[in-house]
Structure formats: C-alpha cells, structure tokens
Amino acid sequence: MPLRIYNTLTGKKEDFLPLREKQVGMYACGVTVYDLCHIGHARSAIVFDVIYRYLRYRGYDVTFVRNFTDIDDKIIKRANEEGVDYRAIAEKYIEEFNIDMGGLGLEKPSFEPKATDHISGMIDLISTLIEKGSAYPKDGDVFFSVGRFKDYGKLSGRNLEEMQAGARVEIDEKKEDPLDFALWKSSKPGEPFWKSPWGEGRPGWHIECSVMSQKYLGETFDIHGGGKDLIFPHHENEIAQSEAATGKPFARYWIHNGFVNINKEKMSKSLGNFLTIKEILKQWHPEVPRLFFLSHHYRSPVDYSEESLLEAKTGLDRFYSTLKAIKDEIEIIPSPLTGEGKGGGIHVLEEAQKTIHSFQTRFEEAMDDDFNTAQALGYLYDLQRNLNSLLDISKGHPTEAILTLLKQGLDHIRKIGGVFGLFTGEPSEYLVRQKKEGLKKFNLSEEEILQSIERRSQARKDKDWKKADEIRNDLFSKGIILEDTPSGTLWKIK
RNA sequence: GGCGGCAUAGCCAAGUGGUAAGGCGACGGUCUGCAAAACCGUUAUUCACCGGUUCAAAUCCGGUUGCCGCCUCCA
C-alpha cells in the first residue's frame, strides 16, 4: 500500500509517488525572523518534522529544505524601532529560532537557506520572468503580471474575476492590475538594498522561496508545505513565478497544516493571547506539546488550552511509567525464569501477542493515510494497555513468553517514538525530572518527603493505620501522592 | 460580497459507504490495612437538524442552522 497524502492542489488524497524512486525533495516555508516564534510556528514545525521523520522511516532518502526570510518590511521596521541594523535583528531571531526548535526536539533539515544569500538567484529569476513577458519593471519596482499566468489561482481554488470582484487589495498606481504582486521593491533612503538591473532595492517576499526551493531541489520537486495561511497569496505566487519561468510544474504535493487557536480564540497579538515557544517550554516538557499536537490531525484546527496540555502530560507520564516498568521487569529481575506469573494469564498473553504483532502494520497503515498521527497514537495506547496487562500478570515472575513480548513492545514504542519525536528520554530520568519540577512548584524538599515516608513506614509496621494515613493525607495536601509497592513506598507529584 | 472548512459521548479526538478507534474524566470491580498505580467492566442504538440516493450513510447528494478560516502581513 502506498503512502497517501492530501494534496491542496487537487483537494484530494493521492498516492505519493516521488519523482525519483526512493528519494524525496521537500520544502517547508520557515519563518520571517523579526520576532520570537509562537505556538503556531511550533505546530507547523512539528508537523513537518514528523513528516520528514516518517518519510525516512518509510525508506526514502529525503532532502528537506526550510528557509529563513531574513529581509522583509517587518524586519526593517523592527530594526528601525530598535535602532540597529536589520542584520542584527535577523541574526538574533535566527538564533532564538534555533534554540526554540532545538528545545522542541526538532531535527535539523538538510538545508536552511537564508533569503539574503540568494539575492543574485532572485535577480536572475526576475530577469527571466521579464524576458518571458510575465513580469514588468516600473519605476524601480518589478511586478509579476498575474493576468498573464493562465493557471493563477489553481492552488487556492479561486479565479481572477472573483478576486477582482471582492478585492481588498491595496491599489498601487504602479501596478497594471491590482492583483499583480511585487517581485522586486525599490528601496527608500536608509533602507537596506541590493543592486539590480532595476536599481537599488530588495526582493519581494514570494520570490525567495521559488529560488531557494529550486536551487536545492530542482525545478520540479515533490513536497512543498507550510501553514494553511500561506496558501494564498504566498504559495499561489510561488507557483506562478516558478512555473512561468521554467514552464514546468513546480511542487507536486502541497501540504498545509491547520492553525492553533488559544482557548477557542484565534491567536493574535492584538488579542493578547500570543504564546511563544519559550513560554510553553518553561511550563511543559517539550514532548507534551508534541504529544498534544500529534493527537490531532495535522490539517484540523487545534485549540490550545491548559487542560488539553495537562491531558497530554498525563498521557506522556503514563507512557514513561510503562516504559520504566518494562525496563525494570526486563533488567532488574534475577535470571532464573521460574516464574509462572499470576496464573489466569493465558487470555492476556494471547491478547497482548495479537496487539504486539499487528502493531507495526497498524501504525504504518495509519501513517500512510495522510499521516494520521491521531489514529496511530490510538494504536499506541492499545499497545500500552496490553503491555501493562502483561506486567500485571508477570509482576516479578516473568515467563520467557512474557519477557519476549515485553521486549517487542518496548522496541515498538521506541521505534514509533523515533518517528514522533516522543519518549526520547530515559524513563527514569523523565520521571525524576517531573518530580524535581513538581518539588519546585510546590516548594518542597525531597528530604522532607522521604522523612515523612520513613515515619509512615514505621507506623505501618506498627499497624498504626491512623497515623500512617494522617501522614499520607498531609503529603497529599502538599501535592504529593504515595504509592505503596512491594519494593517500598514511592512518591510522585500530583 | 466571493471561496473554503468544520459540527462525533461530560470534555478531547480518529473514522469518506458495511453497522461508532483511542485518550481524559466519572462510576463499579480486582489488588490493597485503606489508598495510589495498574488491570477489568460500564459510560454515543448513535454522529447539529430536515429531506433524498442505497440492500446498507457519521460517511454520498440537496437544503437548514451554528461555528471558523481565507480573500491584507501571518505557521
């Protein structure tokens, strides 16, 4: 069964057949570096990170390009506000981007080109477009003539008449048609500029992606993606420029991720509900937002809320607990495998066997269906429940059969974790980290807790249940939950 | 005004023709001194509403209502 991808260009799920067998060229629009990245950038980045990882899991050799827009009106504005050179702004926010995305556990793309490193390529492309009659210079600016590109609107599903009818486009005297867009903008005094055949200026926004994608991936390549908001005009314009210049199809599969709302409201600076990645990472383990996003289909809008993130955290905690329990069972148990388990485990064993053996197929089926990570996670929860059942019947007396299944299950979780960027930490370290952060939050010391546990253990030995329960309730009110296990009393954060 | 999307349990969420995954929560049970954790069970005869097509519809078609996005910089 082939991988199927929903293609914005056709509005349908299509079999994914790359241009060259076993190789994929993929371009994702990155960010304009004039401010800190927010949770919406995080979603987009995570979506394409997982697509990148899954394609490689599927055996493709993937060239993944993600650009930086490092020259643009907003950057210039910011630089003016802060009284610094535009390059200082760009550099600063590229650095912050790298810190944030690293923090989220994103893999590095194959290439991360910057717009300003490709100005001459843009000038060449613009020249070609002028030669071919698709663009026209006017007083130091160059515009793309939308009316002369017959396929204009094919990505966003609109036609020229409609757009002109409802046009809210700024009327620019220089444009032959209000829908035409700038390929090159002349610079005003004091603005950064590059020399060009049309005078000093800077590139328009869309041209950079056409140039950089084609430079690293060829004139026609497999996948182009970004947030839904980029469909129009950005990606529409990229197609127009590129195809008008080369006469060949540009990107073959267009993938767009849905938006992030915050508490049911669109995230925007004016509403003041703008969440940066730094704020998220201060509050949550990086895999929490990841699990949260992957619990939804990448094309659906997603509502970010404290509760949803907490739910994701609960899920992540459980996975790590299961992972740790499995490791303990496999590693710490002394060798003679005399165990009989608890008995009555035949049914559990068979059930688990079925789930574990079919897991990989089900995972791949889900992912092959337009990267249905939510479905895949459903299977992962199934797997986890079965593994916990095995642990339950094993409890310190694993049989060969149980150990084998536990190991297979562990391998599966690890492998899927590699595709999803989840469960990358050592379970025990993850759990310790959760505890430490919880202690800080509740302003408690571990020593204090251990002393209480010690006193309670003594009370329990004395069968002084009243005292034991008092101590436990006291800790509970401070945010600590106790678990009595055969190997002693454990504690965790509420 | 134009274009597009969405509506599935208390909440979150998969599911595009074959009889409703999964998670959180809640309740009951096993275990436990009691709990916690884990496991088992229960929690949508039904997928916004009304029609239609079909042997069969959450899924397809038409209509209604409600929400959202895009058309301007935006992940």
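As the structure is a computational prediction, the values presented were derived from the model and not from experiment. Below, read A as the first sequence line, B as the second, and so on, with proteins coming before strands; counting in each chain starts at 1.
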Problem - Phosphate-side-chain proximity, A:Thr314 and B:rG25, N/O vs OP1/OP2 below 4.0 Å - result: no
Practice task
Could you tell me whether the phosphate oxygens of B:rG15, OP1 or OP2, come under 4.0 Å of any side-chain nitrogen or oxygen in A:Asn372?
Solution key: yes
Practice task
Provide the distance between the two C1' atoms, one in B:rC11 and one in B:rG1, to the nearest whole Å.
Solution key: 37 Å
Problem - Near-parallel close stack of A:Trp465 and B:rG33 base (under 5.5 Å, under 30°) - result: yes
Completion exercise
When rounded to whole Å, the NE2 to P distance for the pair A:His206 and B:rU72 reads 11 Å
Problem - Span that lies between the P atom of B:rC61 and that of B:rU72, in whole angstrom - result: 29 Å
Problem - Contact under 4.0 Å: A:His297 side-chain N or O vs B:rA14 OP1/OP2 - result: no
Exercise for the section: Would you kindly say whether A:Asp70 and A:Tyr86 are connected by a side-chain donor-acceptor distance under 3.5 Å? Expected result: no
Practice task
Pick base, sugar-phosphate or nothing for A:Phe259, based on heavy-atom distances below 4.0 Å to the nucleic acid.
Solution key: base
Problem - Nucleotide nearest A:Glu311 (side chain, heavy atoms from C-beta), chosen from B:rG23, B:rG2, B:rA75 - result: B:rG23
Problem - Modelled atom types, side-chain donor and acceptor of A:Gln360 and A:Glu364, under 3.5 Å - result: yes
Practice task
Determine the Euclidean distance between corresponding P atoms of B:rA9 and B:rA14; express it in Å to zero decimal places.
Solution key: 13 Å
Practice task
Pick base, sugar-phosphate or nothing for A:Gly227, based on heavy-atom distances below 4.0 Å to the nucleic acid.
Solution key: sugar-phosphate
Problem - Sugar-phosphate only, base, or nothing, as touched by A:Gly258 at under 4.0 Å among non-hydrogen atoms - result: base
Problem - Test item: side-chain donor near acceptor, A:Glu365 and A:Tyr379, under 3.5 Å - result: no
Problem - Whole-angstrom distance between B:rA20 and B:rU46, as gauged at atom C1' - result: 7 Å
Exercise for the section: Report which part of the nucleic acid A:Val47 touches: base, sugar-phosphate, or nothing (heavy-atom distance under 4.0 Å, all strands). Expected result: nothing
Handout entry: Whole-Å P distance, B:rA75 and B:rG63
Key = 36 Å
Practice task
Could you give the distance separating B:rC24 and B:rC39 at their P atoms, to the nearest angstrom?
Solution key: 9 Å
Practice task
Provide the distance between the two C1' atoms, one in B:rU30 and one in B:rC34, to the nearest whole Å.
Solution key: 15 Å
Practice task
For B:rG15 and B:rC47, measure between their C1' atoms and round to the nearest Å.
Solution key: 10 Å
Exercise for the section: Would you mind classifying the nucleic acid contact of A:His38 as base, sugar-phosphate or nothing, using non-hydrogen atoms under 4.0 angstrom? Expected result: base
Exercise for the section: Produce a footprint string for nucleotides 35-41 of chain B: one letter per nucleotide, 5' end first; B if the base is under 4.0 Å from any protein heavy atom, S if only the sugar-phosphate is, - if neither. Expected result: BBSSSS-
Problem - A:Lys313 charged N/C atom sitting above A:Trp284 aromatic ring, 6.0 Å / 45° - result: no
Exercise for the section: Kindly indicate whether the side chain of A:Arg78, heavy atoms from C-beta on, has any atom under 4.5 Å from the side chain of A:Asp72. Expected result: no
Practice task
State whether the distance check finds a donor on one side and an acceptor on the other, under 3.5 Å, for side chain A:Asp229 versus base B:rG69.
Solution key: no
Exercise for the section: Taking Watson-Crick and G-U wobble pairs with both distances under 3.5 Å, convert RNA chain B into its dot-bracket string, 5' to 3', dots for unpaired and | for cross-strand pairs. Expected result: ((((((((.[[[..)..(...]]]((((((.......))))))....[[[[[..)....]]]]])))))))....
Practice task
Using side chain to side chain donor-acceptor pair (under 3.5 Å) as the criterion, point out the one residue from A:Lys13, A:Lys12, A:Glu14 that pairs with A:Asn7.
Solution key: A:Glu14
Exercise for the section: Identify whether any heavy atom of A:Ser321 sits under 4.0 Å from a base atom; if not, whether one sits that close to sugar-phosphate; answer base, sugar-phosphate or nothing. Expected result: nothing
Exercise for the section: Establish, with yes or no, whether the OP1 or OP2 oxygen of B:rC70 is under 4.0 angstrom from a side-chain nitrogen or oxygen of A:Lys266. Expected result: yes
Exercise for the section: Determine the contact category for A:Gly315: base if any of its heavy atoms lies under 4.0 Å from a base atom, sugar-phosphate if only primed atoms, P, OP1 or OP2 are that close, otherwise nothing. Expected result: nothing
Problem - Sequence-distant partners of A:Arg158, salt bridge (Lys or Arg N to Asp or Glu O under 4.0 Å), two or more places apart - result: none
